[in-house]
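Just below is one structure, and these are the notes that go with it.
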Amino acid sequence: MSEQLALLPEYLTAHLQLTLIALLLSAAVALPLGIAATRVRRLEPPALAVAGVIQTVPGLALLALMVPVLAAVDLQSIGFLPAICGLTLYGVFPILRNTVTGISGVSPVYKEAARGVGMTPLQQLARVELPLAMPVLVAGLRTATVWLVGMATLSTPVGATSLGNYIFSGLQIRNYVAVIVGCVAAGGLALLLDGLVRAVEDGLARRRRRQVAAALGLAVLLYGYAGVTLVAARFDGGERPVAIGSKPFTEQYVLSAALARLVERETGRPTSLVQSLGSTVAFDALAAGEIDLLVDYTGTIWVNQMQGGDSFPGRAVLTDRIRRFLRDRHGVTLAAMLGFENTYAVAVRRRDADRLGLRTISDLAAAAPRFVFGSDYEFFARPEWPSVRDTYGLSFRELRSMDVSLMYQAVATGEVDVITAYGTDGRIDAFDLVVLDDDRGAIPPYDAVVLAGPRIARAAPDVVAAVARLEGAISADRMRTMNFAVDEAGEHPSRVGERFVRTLP
């Protein structure tokens with residue numbers, strides 16, 4: 001618990017920055033647009049339609065879409081900017097809808113009376129329509145506030161620090177204390193901000209000036225704190241840390257922590273971790289120089305970046321092609337082959353393997369029609385799946401996609417019968433699973449490699465040299481032991497990574 005609470009100031013501050021700035025920008029867009037829509041009626045249907053369509057896009061997808069959009073115009077494609085853009089778009093609809101509804105709902109009697117006493121259209125809006133519509137407007141603002149606090153937790157996969165860091169990493173390493181801390185903190189922040197908006201609304205309705213002033217004063221303080229801390233972090237004037245990215249699973253957390261400790265020890269340079277990035281987001285950020293180091297896998301690069309399809313050359317040829325592709329196309333250096341492979345592996349419960357005599361994927365073909373096959377979100381859309389399916393003639397009763405953190409529990413409890421495990425995952429032993437041999441070579445090699453981005457290779461060759469010391473330093477058994485220490489023994493990934501670095505000469 002103490003480790004989690006130590007991270008709370010950083011995560012909560014970042015979450016507050018995202019929420020408040022996105023709320024301000026959403027209101028700045030939605031309020032004028034809503035007012036304009038009540039004056040120019042032809043504007044109302046398309047404005048609400050576009051905002052509504054944006055609202056239907058799943059929050060994580062909307063944030064992820066900001067990454068290639070910003071990269072296409074040479075802007076920061078991970079971190080704060082894509083998160084703010086996505087959150088701002090997400091917050092427009094409730095404010096816009098309630099602005100239009102509130103103003104349109106003002107009785108024509110009041111509008112006629114305003115015109116009768118000689119008010120201009122602007123005076124009528126400011127003195128009659130907006131005050132009468134205020135409860136509906138504030139309701140929209142409150143809805144947007146709560147929604148944005150919740151959606152800001154999804155900013156982690158695009159590289160923006162938030163309370164989502166607790167939730168994403170906690171789910172992956174089964175640290176439910178971290179998940180609870182993140183959820184409670186997000187809920188508390190939502191209640192606080194909603195309470196401030198409600199206090200302003202109630203004060204205006206009851207003409208309690210002190211209440212309004214107090215609530216607005218606290219809101220100004222929060223905005224001031226968010227602004228000052230944001231500016232201070234962007235312009236601290238110190239040396240830029242070596243940014244080390246990681247994807248959202250245990251092994252990546254351990255290895256990114258190990259890289260950070262090694263770089264600090266060997267070069268004296270500061271480091272920072274950018275965790276729980278999506279696979280494509282992480283690589284694009286590396287190529288753009290927004291992160292500097294990343295552990296990736298040869299099979300992933302072949303499929304995702306090189307679009308190699310489901311025809312896989314031998315290990316040596318594949319590695320050589322990847323090395324040249326990274327260097328020539330993206331300026332990325334393959335700094336070290338870590339020495340182990342973390343490939344997709346088809347796994348079943350031991351009791352099923354013993355009962356049915358399952359030792360290879362070929363053995364699985366006869367039982368597959370009775371089995372439910374579970375995998376992560378990517379696998380069934382990747383070339384590996386048709387390669388495995390067609391090579392072995394597999395036809396399962398049902399295919400289920402789920403989060404990696406739930407997959408092992410699902411097979412253990414009988415929700416699914418077969419899963420795509422990862423070769424170095426400590427949970428294979430913990431859940432007493434049997435990995436079936438890929439006897440026909442349908443799955444490509446997934447050798448773990450450390451990649452160095454073009455910025456760090458130019459500006460800090462000593463970092464690349466330090467990382468190169470990891471060449472062949474980690475066996476599959478050793479990686480599996482480190483993963484097990486996190487997943488089952490409950491150790492923090494940073495401790496496991498640091499302990500590994502201490503063993504290096």
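Residue numbers count from 1 along this sequence. The analysis underlying the following values was restricted to heavy atoms, covering all of them including side chains, and did not include hydrogens, waters or symmetry mates.
A salt bridge does not link R495 to E498: none of the charged side-chain nitrogens sits closer than 4.0 Å to a carboxylate oxygen.
Between L137 and L31, the shortest heavy-atom contact is CD2-CD2, 4.2 Å. The minimum heavy-atom distance between P121 and R39, with the atom names listed, is O-NH2, 4.2 Å. In this structure, S104 and T38 approach most closely via the heavy-atom pair OG-CG2, 3.9 Å. Of all heavy-atom pairs between L277 and P248, the closest is O-CD, 3.1 Å. In plain terms, the two heavy atoms of V486 and V496 that are nearest each other are CG2-CG2, 3.7 Å. Nearest heavy-atom pair across M66 and C85 is SD-CB, 3.7 Å.
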Inset, instruction - I would like to know whether R198 and D194 meet salt bridge (charged side-chain N to carboxylate O under 4.0 Å, His left out); could you show each step before the answer? - result: CA-CA 6 Å; R198 185 175 66 248; D194 180 65; 3.2 Å; yes
Inset, instruction - Give the intermediate values and the outcome of side-chain contact (heavy atoms from CB on, under 4.5 Å) for residues T280 and V67. - result: CA-CA 10 Å; T280 302; V67 174; over 6 Å; no
Legend entry - Worked check of side chain to side chain donor-acceptor pair (under 3.5 Å) between Q275 and N165: CA-CA 8 Å; Q275 296 186 321; N165 286 44; 5.0 Å; no
Inset, instruction - Would you check, one step at a time, whether the test side chain to side chain donor-acceptor pair (under 3.5 Å) holds for T13 with Y225? - result: CA-CA 9 Å; T13 295; Y225 173 75; 2.7 Å; yes
Inset, instruction - Please test V181 against Y11 for side-chain contact (heavy atoms from CB on, under 4.5 Å), starting from the C-alpha separation and ending with a verdict. - result: CA-CA 11 Å; V181 170; Y11 291 174; over 6 Å; no
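Remark: the backbone N or O of A226 is paired with a side-chain donor or acceptor of T229 at under 3.5 angstrom. In this structure, the side chain of R265 engages the main chain of V501 through a donor-acceptor pair within 3.5 Å. The closest donor-acceptor contact from the side chain of D292 to the backbone of A243 lies under 3.5 Å. Proximity of a side-chain donor or acceptor of T333 to a complementary backbone N or O of A335 within less than 3.5 Å is not detected. The backbone N or O of Q305 sits nowhere less than 3.5 Å from a side-chain atom of R329 that would complete a donor-acceptor pair. A distance-only check finds no donor-acceptor pair linking the side chain of T19 to the backbone of L16 [under 3.5 Å].
Taking CZ of F249 as the start and CG of D425 as the end, the distance is 9.0 Å to the nearest 0.5 Å. Residue L122 holds its CG atom at 9.5 Å from CD1 of I35, rounded to the nearest 0.5 Å. To the nearest 0.5 Å, atoms CD1 (I244) and CG (L255) are separated by 11.0 Å. For the atom pair CG (D202) and CZ (R208), the distance works out to 5.5 Å, reported to the nearest 0.5 Å. Here the CD1 atom belonging to I84 is positioned 11.0 Å from the CG atom belonging to L89, to the nearest 0.5 angstrom. To the nearest 0.5 Å, atoms CD (E129) and CE (M119) are separated by 10.5 Å.
The shortest side-chain heavy-atom distance between H15 and T153 falls under the 4.5 Å cut-off. A heavy-atom distance below 4.5 Å is found between the side chains of P454 and V332. At a threshold of 4.5 Å between non-hydrogen side-chain atoms, the residues K247 and F283 do not count as touching. Contact check for V138 versus N98: no side-chain heavy atoms found under the 4.5 Å cut-off. Looking at heavy atoms from C-beta onward, L293 lies out of side-chain contact with T271 at the 4.5 angstrom threshold. Residues V128 and L132 are in side-chain contact: their nearest non-hydrogen atoms beyond the backbone lie under 4.5 Å apart. Counting heavy atoms from C-beta outward, M482 and T250 have side chains that stay 4.5 Å or more apart. Counting heavy atoms from C-beta outward, E415 and M402 have side chains that stay 4.5 Å or more apart.
In the model, E251 has a side-chain atom that pairs as donor or acceptor with a side-chain atom of T424 under 3.5 Å. When only modelled atom types and interatomic distance are considered, Y253 and S494 share no side-chain donor-acceptor pair under 3.5 Å. With hydrogens and angles left out, the side-chain atoms of S26 and Y90 include no donor and acceptor closer than 3.5 Å.
Y344 pairs in a ring-ring contact (aromatic ring centres under 6.0 Å, His included) with only one of the listed residues (F380, Y422, Y297, W385), which is Y422.
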